[in-house]
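Below: the structure, in structure tokens.
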Amino acid sequence: QVQLAESGGGSVQAGTSLTLSCEASKFSVGDYCMGWFRQAPGKDREGIASSDRDGRTNYADSVKGRFSISKDGAKNILYLQMTSLNAEDTGVYYCAAVKAYWCGGGWSATGRYDYWGQGTQVTVSS
């Protein structure tokens, strides 16, 4: 059964950086459309980044230029490198996967993905 496990969250100061990892089991991250989502307290889960099978990426405007999504096929891990963090980045971060070549125009929709991790908390204090 496909499994995803996020790690790397924590409490950090504004302006610092953090890298999240999502370890995949029973499938290869290189063969799937992969995404990162986050859910702030009291808000809906929002898509913030995705990576197609060919490495093409998409980003939400709120993180563009600050966050970077990448895959390590050898380790079978999806990463989210986050820089210049601010309080609005606080939330639970989830990785997601769907067996598709393209993430497509709906990359930021939760319904696009079939598999989800349990999430990792990121708290940014100013």
Test ring pair (Phe, Tyr, Trp, His ring centres under 6.0 Å) on Phe37 and Trp116; report intermediate values, then the result.
CA-CA 10 Å; Phe37 286 71; Trp116 293 83; 4.8 Å; yes
Please assess Cys33 against Val98 for the test side-chain contact (heavy atoms from CB on, under 4.5 Å), listing each intermediate value before the final yes or no.
CA-CA 5 Å; Cys33 158; Val98 60; 3.6 Å; yes
For the pair Leu85 and Phe67, evaluate side-chain contact (heavy atoms from CB on, under 4.5 Å) and give the outcome as yes or no after the intermediate values.
CA-CA 9 Å; Leu85 287 163; Phe67 289 13; 3.9 Å; yes
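Atom CZ in Arg53 sits 10.0 Å away from atom OH in Tyr32 (nearest 0.5 Å). Annotation: the span from Ile77 atom CD1 to Leu4 atom CG amounts to 12.0 Å, rounded to 0.5 Å. Here the CE atom belonging to Met34 is positioned 10.5 Å from the OG atom belonging to Ser28, to the nearest 0.5 angstrom. The SG atom of Cys95 lies 6.0 Å from the CG atom of Leu78; values are rounded to the nearest 0.5 Å.
Counting only heavy atoms from C-beta outward, the side chains of Ile48 and Leu80 approach each other to under 4.5 Å. Contact check for Met82 versus Val63: no side-chain heavy atoms found under the 4.5 Å cut-off. In this structure, the side chains of Ser50 and Tyr113 come closer than 4.5 Å at one or more pairs of heavy atoms. Proximity of Cys22 to Trp36: side-chain heavy atoms (C-beta onward) are separated by under 4.5 Å at one or more points.
Pairing each heavy atom of Gly8 with each of Thr120, the nearest pair is N-OG1, 4.2 Å. Between Ala97 and Phe27, the shortest heavy-atom distance links the atoms CB-CZ, 3.9 Å. Gln39 approaches Arg45 most closely through the heavy-atom pair OE1-NE, 3.4 Å. In plain terms, the two heavy atoms of Ala14 and Ser126 that are nearest each other are CB-CA, 4.0 Å. Here the closest non-hydrogen pair linking Gly119 and Val92 is CA-CG1, 3.9 Å.
A donor-acceptor contact shorter than 3.5 Å links the side chain of Thr83 to the backbone of Arg66. Formation of a donor-acceptor pair under 3.5 Å by the Asn76 side chain with backbone atoms of Val29 is found in this model. Between the side chain of Asp52 and the main chain of Cys103, a donor-acceptor pair closer than 3.5 Å is present. Distance alone, capped at 3.5 Å, places no donor-acceptor pair between the Lys64 side chain and the Asn58 backbone. A donor-acceptor distance shorter than 3.5 angstrom exists from the side chain of Asp54 to the backbone of Arg56, with no hydrogens or angles considered. Of the possible donor and acceptor atoms, one in the side chain of Tyr59 sits under 3.5 Å from a partner among the backbone N and O of Ile69.
For the side chain to side chain contact (heavy atoms under 4.5 Å, CB included) test with Val122, the passing option among Thr90, Leu20, Asp89 is Leu20; the others fail.
The closest side-chain donor-acceptor pair between Ser21 and Glu6, if any, does not fall under 3.5 angstrom.
By the neighbour-count criterion of 12 heavy atoms within 6.0 Å, atom CD of Gln121 is densely surrounded, having more than that number from other residues, nucleotides or ligands. Heavy atoms of other residues, nucleotides or ligands lying less than 6.0 angstrom from CD of Glu23 number 12 at most.
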